[in-house]
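The structure under discussion appears below in the form of C-alpha cells.
Residues take their numbers from the sequence shown, with the count starting at 1.
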Amino acid sequence: MKILHVDRNHPALIEGFEALGHENMEAYDTPLEALNPLLEKAEGLVIRSRFPIDKKVLQQAKKLKFIARLGAGLENIDVAYAHQQQVILLAAPEGNRNAVGEHALGLLLALVRKIPAGDQSIRAGQWLREAHRGWELEGKTIGIIGYGNTGQQLAKKLQGFDVTVLCHDIVEQKGNAWAEQVPLHQLMQQAEVISIHTPEMPQTIGMIDQQFIDQMAHPFWLINTARGSAVDTQSLLKGLETQKIRGAALDVLEYETKAFSTIFGTPEMPKPLQKLIETENVILSPHIAGLTFESHLKLATVILDKFKAHFHTK
C-alpha cells in the first residue's frame, strides 16, 4: 500500500510499515489544499489533528482503505462517510491511556494541595503557609464521567488512596473492581471531585454547564483531560466565583483551535479565557495529558498492531 502521513509520529511507525512492505509518503508540512495529488494515490492515511478528514478529503482519496489516528478519538473524521466508503478506521486510545490517567491524578493532587500556588508564592518572595493549606483525598468520593480507557486508568491509580470511586458511562456494565458504576444523578449527589473522560459528541459538548454545577450536591473540584468542549467556561468561572467549584485543573480548553497558540496576548484572546488564566485556584496544562515519551512509542505500536490485524492476518 501507499500510506500517506500528514502528521509527524514516532519513527517506529514509518519503520514498521516499511518492514511490512508498504510505501510511506510523508507530507507533514504540505497544506491541505496542496495534498490532492498524494490523496489520490493514498491507500492509507495516518493523522493526528492537523486538519479534519471531512467528506471532501475522503472523496479525493478514492483508493483509501484505512485511516489511522494516533490518538483516542475520531471526532476529526467524518466517520459516517468513511464507513459508507468502506474505509477502516483505526484509533489508539490504548497508547496514551496510562499517560492521561497519570496526568489526571497529578492534576488532582496539585489542585487539592495547592501545589502550584505555593510554588508561585515562594518564587514571589513570600512564605505563606496558612494561605496554602490544602485538602486530603482520604475519605473523598471521586466521580469519573466517561469510563473508557483513560477513565479506568485514573480509577486504577486511585486504588492506592482511601477514596470511594464512582463512574458514569452511557454504556451499561462498565463498572469494575476500581469503580462502581452509578446513574449520573447519584454521582452528582455523592461526588466531591469530578474528572471528565468523555469523547466529543453532541451529548458531551457543554456538559459541565450552569445546570450541572447547580445540581451538584457538594462543592467540588473539577478535572478535565478529555475535550475542552465538555466544559462551558462561563459557567465554570461563575462556579469558581461562588465557590461551588473549589478549583479546576484543565488540560484542555473550550477555545482550542489549530491557531490557538497564537492568540495569547492578542486582542483575539477570549475574555473568559483571560479571566480563567488569572484565577488562582485554576491549574492549566497545554493539552499534554497523553503526551509522554512512552506514549509516543506506544501509540505507534498500537496502530501497527491494529493495522496488521486487519491487513496481515492469514
Closest contact, heavy atoms only, [X] versus [Y]:
| X | Y | value |
| --- | --- | --- |
| G146 | T198 | CA-CG2, 3.9 Å |
| G239 | T242 | O-OG1, 3.2 Å |
| S49 | R69 | OG-NH2, 2.8 Å |
| A248 | L236 | CB-CD1, 3.9 Å |
| A179 | A155 | CB-CB, 4.2 Å |
| A92 | L299 | O-CD2, 3.3 Å |

Minimum side-chain heavy-atom gap [X]-[Y] below 4.5 Å:
| X | Y | result |
| --- | --- | --- |
| V79 | L89 | yes |
| K306 | F311 | no |
| F161 | E138 | no |
| L187 | I194 | yes |
| Q215 | Q211 | yes |
| Q152 | K157 | no |
| I144 | V193 | no |
| D251 | N224 | no |

Nearest 0.5 Å, what's the [atom1]-[atom2] distance between [X] and [Y]?
| X | Y | atom1 | atom2 | result |
| --- | --- | --- | --- | --- |
| E40 | N36 | CD | CG | 4.5 Å |
| I77 | I67 | CD1 | CD1 | 4.5 Å |
| D7 | N9 | CG | CG | 6.5 Å |
| L45 | K65 | CG | NZ | 14.5 Å |
| N281 | W221 | CG | CH2 | 11.0 Å |
| N24 | E15 | CG | CD | 10.0 Å |

Less than 4.0 Å between a side-chain N and a carboxylate O, is that true for E130 and R133?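 Salt bridge: yes.
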
Ion pair E43/K2, N-O distance below 4.0 Å: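 Salt bridge absent between E43 and K2.
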
Please evaluate residues Q181 and N176 with respect to the criterion side chain to side chain contact (heavy atoms under 4.5 Å, CB included), reporting the C-alpha separation (whole Å), side-chain torsions for both, the decisive distance (0.1 Å), and the verdict. CA-CA 8 Å; Q181 185 166 356; N176 55 20; over 6 Å; no

Should we say atom [atom1] of [X] is surrounded by more than 12 heavy atoms from elsewhere, each under 6.0 Å from it?
| X | atom1 | value |
| --- | --- | --- |
| K156 | NZ | no |
| K244 | NZ | yes |
| E278 | CD | yes |
| Q173 | CD | no |
| F293 | CZ | no |
| E136 | CD | no |

Could you tell me if [Y] and [X] have a donor-acceptor pair between their side chains, going purely by distance under 3.5 Å?
| X | Y | answer |
| --- | --- | --- |
| S229 | E200 | yes |
| N149 | Q153 | no |
| D209 | S235 | no |
| R97 | S295 | no |
| H197 | T150 | yes |

Within the distance-only criterion (no hydrogens, no angle test), does the side chain of [X] pair as donor or acceptor with the backbone N or O of [Y] below 3.5 angstrom?
| X | Y | answer |
| --- | --- | --- |
| H218 | Q189 | yes |
| E256 | L253 | yes |
| H168 | P183 | no |
| D169 | K174 | no |
| D54 | V57 | yes |
| T30 | L35 | no |

Transitively linked via ILVMFWY side-chain contacts under 4.5 Å: [X] with [Y]?
| X | Y | result |
| --- | --- | --- |
| F51 | V87 | yes |
| I223 | W135 | yes |
| L166 | L105 | no |
| I88 | L70 | yes |
| I142 | F220 | no |

Starting from the C-alpha separation in whole Å, work towards a yes-or-no answer on side chain to side chain contact (heavy atoms under 4.5 Å, CB included) for V182 and Q190. CA-CA 10 Å; V182 297; Q190 296 179 235; 5.6 Å; no

Could you work out, with salt bridge (charged side-chain N to carboxylate O under 4.0 Å, His left out) as the rule, every residue matching E268, not counting sequence neighbours?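 E268 satisfies salt bridge (charged side-chain N to carboxylate O under 4.0 Å, His left out) with no other residue.
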
Run the side chain to side chain contact (heavy atoms under 4.5 Å, CB included) test on F307 and H312 for me, step by step, so that the C-alpha distance in whole Å, both residues' side-chain angles and the decisive distance to 0.1 Å come before the verdict. CA-CA 8 Å; F307 174 80; H312 283 266; 3.6 Å; yes

Would E75 and R227 count as a salt bridge (charged side-chain N to carboxylate O under 4.0 Å, His left out) if you check the C-alpha gap in whole Å, the side-chain angles of each, and the deciding distance to 0.1 Å? CA-CA 11 Å; E75 63 267 16; R227 293 291 182 264; 2.3 Å; yes

Mind running ring pair (Phe, Tyr, Trp, His ring centres under 6.0 Å) on F17 and H5 for me, showing each step along the way? CA-CA 11 Å; F17 283 132; H5 300 252; 5.8 Å; yes

List for me each residue that meets side chain to side chain contact (heavy atoms under 4.5 Å, CB included) alongside P272, sequence neighbours excluded, and say none if there are none.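 Partners of P272 under the side chain to side chain contact (heavy atoms under 4.5 Å, CB included) test: T233, Q234, L237, Y255, P270.
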
When you look at I122 and Q126, which way does the side chain to side chain contact (heavy atoms under 4.5 Å, CB included) test go after all the steps? CA-CA 5 Å; I122 294 175; Q126 300 172 318; over 6 Å; no

